[in-house]
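Accompanying notes for the structure given below.
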Amino acid sequence: MQRYSGWRVLREGLAGNRNWQPAWRSPSPKPRYDVVIIGGGGHGLATAYYLAKNHNITNVAVLERGWIGGGNTGRNTTVIRSNYFYPESIALFQHSIDLYENLSKELNYNIMFSQRGLVSTGHTRHDMELMARWAGVMQAHGVDADLIDVAEVKRRLPRLVTEHVHLPVLGGFAQKRAGTARHDAVAWGYARGADALGVDIIQNCEVQAFVKNSAGRVTSVKTNLGEIGTDTIVLSVAGNSSVLAKAAGFDLPVTSMTLQAFVSEPLKPVLDTIFLSLATGLYVSQSDKGGLVFGGGLDIYNSYGQRGGFPVAQQVIGALTEHFPSFGRVRLLRQWGGTVDIVHDSSPILGHTPVPGLLINCGWGTGGFKAIPAGGWLMAYHVATGQPHQIAAPFGLSRFETGRFIDEAAGAGIAH
C-alpha cells in the first residue's frame, strides 16, 4: 500500500488530486462474464471480492446504476452487532462480526472498525424479562451477552437519565463485540480488493431488462451500456429488490420503506458506546468526527424516497432528548433516508429465485450494513458451489412456502 507524507497529501489536495492513482479501474463492460452482480453497494462488492478471493472466480462484473456505495451502504448509521434471538440469525450476524474484526487487515484498508460495545436498556418488567431470555439464548450459542444493572448502565452511559423520567431505566443488556465502522471505507475497501483480483466495477450502468433462453434461464442483461452475457446473475439492490425481481419475472415478499437517520454537529467525546432503547427504538453512537449519529423506527408507508417524513423525525429527535436531555441544545447537522427492503419475518432473503441462473441477496431491512461481509461471503459460496452454505440455507425463499419463518421482530423485540 502506498504511503504519502502529510505535505504531499496537502499539495495533491490543493492541486485537485490530479496525480492520485485510482483505487480501482473504470473499465468498459466486456461482452460476457461468468457472473454479473447487479448492485454496487457493500453486499454486491463483497460478493465480487469473495468470489475472486475464496473461489478464484474473477471474470465478474459489478454493475452499479449510480456510484458505488451511493445507496444504503452510504446512508446508514453504521452499527455492527449480532444481538439476535434465533440461532439462525445469531450464526449469520456473528459470522459477519468475525469477518469485520479482521477486515481492515485483510483488505489492507482501514475501515475504522471500532468495537465500542452496545448497551440496550430496558424500561419495563416486560423489557427485562425479554432481555434475560435474549441474553440466555445468545450465551447458549457462544455469543457475548451480559445483563447489567442500572448502576452499570449509568457507569457506561453517564449522560443517560435513568430515573424520575417518563421511561425510567430498570437495567440493560450489553454486547461488547458490537461496534461501528466507516461505511464509505467498507465499500471502497471491497471495491479496491475486488478490482485488484480482476473484477470489473462498472458504474453508471443501469440494468434495463433480463434476457432468457427458451428454458427460462437468464442469459444476459440489457443495460444502457449495451447487452452483457452471463451464466449467473446476483441481485444485490437493497430498496429496489422487488422492482428488479418484477423485471426478471417473479414477485418478492418485500416492501420498500424509508428509514431516516440523523447526525449532529461535532462534539467533544461524550458517548463511547452505542445506545439502544427497547422502549423508543432510538439508537445513537458518536462518530470519529464527533457527531451524534442516530435513528429510530421506519416511516411506515411504501416509498422509494430518500427523505422520510417529519412525524418520524420528530419522534426520533424527541426520544434522543428524552433519554439524553443534555443533547437538547445540540444542533442537527443533517438528515437523510435510505430505501430498505422490509420482509414479513424481519429476516433477509438469500439464495435461488424462481428464475434459473438468478440469485438474490435482499431483505435486510434496516440492518444490512452490519451484514455486508457475511452477505457477500455467503453469496459467493452459493454461486461457486451451486448450494447455499449451512448458515444461509434457512434464509431462502422456500421458507415462505413452508412457513418456517425467522421472526426477529417477535423474538428479539427489534426488527432490524
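Positions are given from 1 along the sequence.
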Output yes when a side-chain donor or acceptor of [X] lies under 3.5 Å from a complementary backbone atom of [Y], and no otherwise.
{"X": "R75", "Y": "G337", "value": "yes"}
{"X": "S264", "Y": "L333", "value": "no"}
{"X": "S303", "Y": "M257", "value": "no"}
{"X": "S285", "Y": "L271", "value": "no"}
{"X": "T258", "Y": "G308", "value": "no"}
{"X": "S347", "Y": "I406", "value": "yes"}
{"X": "E163", "Y": "V169", "value": "no"}
{"X": "Q203", "Y": "I68", "value": "yes"}
{"X": "T124", "Y": "D127", "value": "yes"}
{"X": "H55", "Y": "I57", "value": "no"}

Which pairs would a plain distance check flag for residues 141-152, meaning a side-chain donor or acceptor within less than 3.5 Å of a matching protein atom at least two apart in sequence or in another chain?
residue, atom, partner, partner atom, Å
H141, ND1, V137, O, 2.9
D144, OD2, K176, N, 2.8
D144, OD2, R177, N, 3.4
D149, OD1, A151, N, 3.3
D149, OD1, E152, N, 2.9
E152, OE1, R155, NE, 3.1
E152, OE2, R155, NE, 3.3
E152, OE2, R155, NH2, 2.8
E152, OE2, R156, NE, 2.7
E152, OE2, R156, NH2, 3.4

Legend entry - Residue from C362, P373, S236 passing side chain to side chain contact (heavy atoms under 4.5 Å, CB included) with H43: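 Of C362, P373, S236, side chain to side chain contact (heavy atoms under 4.5 Å, CB included) with H43 is met by S236 alone.
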Tell me every residue that passes salt bridge (Lys or Arg N to Asp or Glu O under 4.0 Å) with [X], counting only those two or more places apart in sequence or in another chain.
{"X": "K53", "value": "E106"}
{"X": "D345", "value": "R399"}
{"X": "R329", "value": "none"}
{"X": "D195", "value": "R25"}

Inset, instruction - Could you check whether the rings of H389 and W377 sit parallel, tilted or perpendicular, using 30° and 60° as the cut-offs? - result: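 Geometry flag for W377 against H389: perpendicular rings.
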With a 3.5 Å cut-off and no angle check, do the side chains of [X] and [Y] form a donor-acceptor pair?
{"X": "Q175", "Y": "S82", "value": "yes"}
{"X": "R404", "Y": "T402", "value": "no"}
{"X": "D200", "Y": "Y33", "value": "yes"}
{"X": "D299", "Y": "Q260", "value": "yes"}
{"X": "D341", "Y": "S241", "value": "yes"}
{"X": "S89", "Y": "E408", "value": "yes"}

Just how far is it from atom [atom1] of [X] to atom [atom2] of [Y], taken to the nearest 0.5 Å?
{"X": "T353", "Y": "L358", "atom1": "OG1", "atom2": "CG", "answer": "4.0 Å"}
{"X": "K370", "Y": "T78", "atom1": "NZ", "atom2": "OG1", "answer": "11.0 Å"}
{"X": "I37", "Y": "L45", "atom1": "CD1", "atom2": "CG", "answer": "8.0 Å"}
{"X": "F262", "Y": "Q335", "atom1": "CZ", "atom2": "CD", "answer": "5.0 Å"}
{"X": "L378", "Y": "T47", "atom1": "CG", "atom2": "OG1", "answer": "9.0 Å"}
{"X": "Y100", "Y": "I80", "atom1": "OH", "atom2": "CD1", "answer": "4.0 Å"}

Inset, instruction - Apply side chain to side chain donor-acceptor pair (under 3.5 Å) to T121 and list each qualifying residue two or more places apart in sequence or on a separate chain. - result: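 Checked T121 against side chain to side chain donor-acceptor pair (under 3.5 Å); matches are H123.
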Inset, instruction - Report the residue from H323, H166, E322 that forms a side-chain hydrogen bond (donor to acceptor under 3.5 Å, both in side chains) with T280. - result: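 When side-chain hydrogen bond (donor to acceptor under 3.5 Å, both in side chains) is applied between T280 and each of H323, H166, E322, only H323 qualifies.
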Inset, instruction - For T232 and D34, run side-chain contact (heavy atoms from CB on, under 4.5 Å): C-alpha distance rounded to whole Å, both residues' side-chain angles, the deciding distance at 0.1 Å, then the answer. - result: CA-CA 7 Å; T232 303; D34 295 333; over 6 Å; no
Answer with yes or no after comparing the ring centroid distance for [X] and [Y] against a 6.0 Å cut-off, counting only values under it.
{"X": "Y50", "Y": "Y381", "result": "no"}
{"X": "F275", "Y": "F294", "result": "no"}
{"X": "Y109", "Y": "W188", "result": "no"}

Inset, instruction - Please report the closest heavy-atom contact between S120 and N83, naming both atoms and the distance. - result: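 S120 and N83 have their closest heavy atoms at OG-ND2, 4.1 Å.
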Inset, instruction - Answer yes or no: is there a side-chain heavy-atom contact under 4.5 Å between N102 and F113? - result: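 No; the side chains remain at least 4.5 Å from each other.
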Inset, instruction - Step through the shown structure and confirm whether more than 12 heavy atoms of other residues, nucleotides or ligands are within 6.0 Å of CG on N56. - result: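 No - once you tally the heavy atoms of other residues, nucleotides and ligands closer than 6.0 Å, there are 12 at most.
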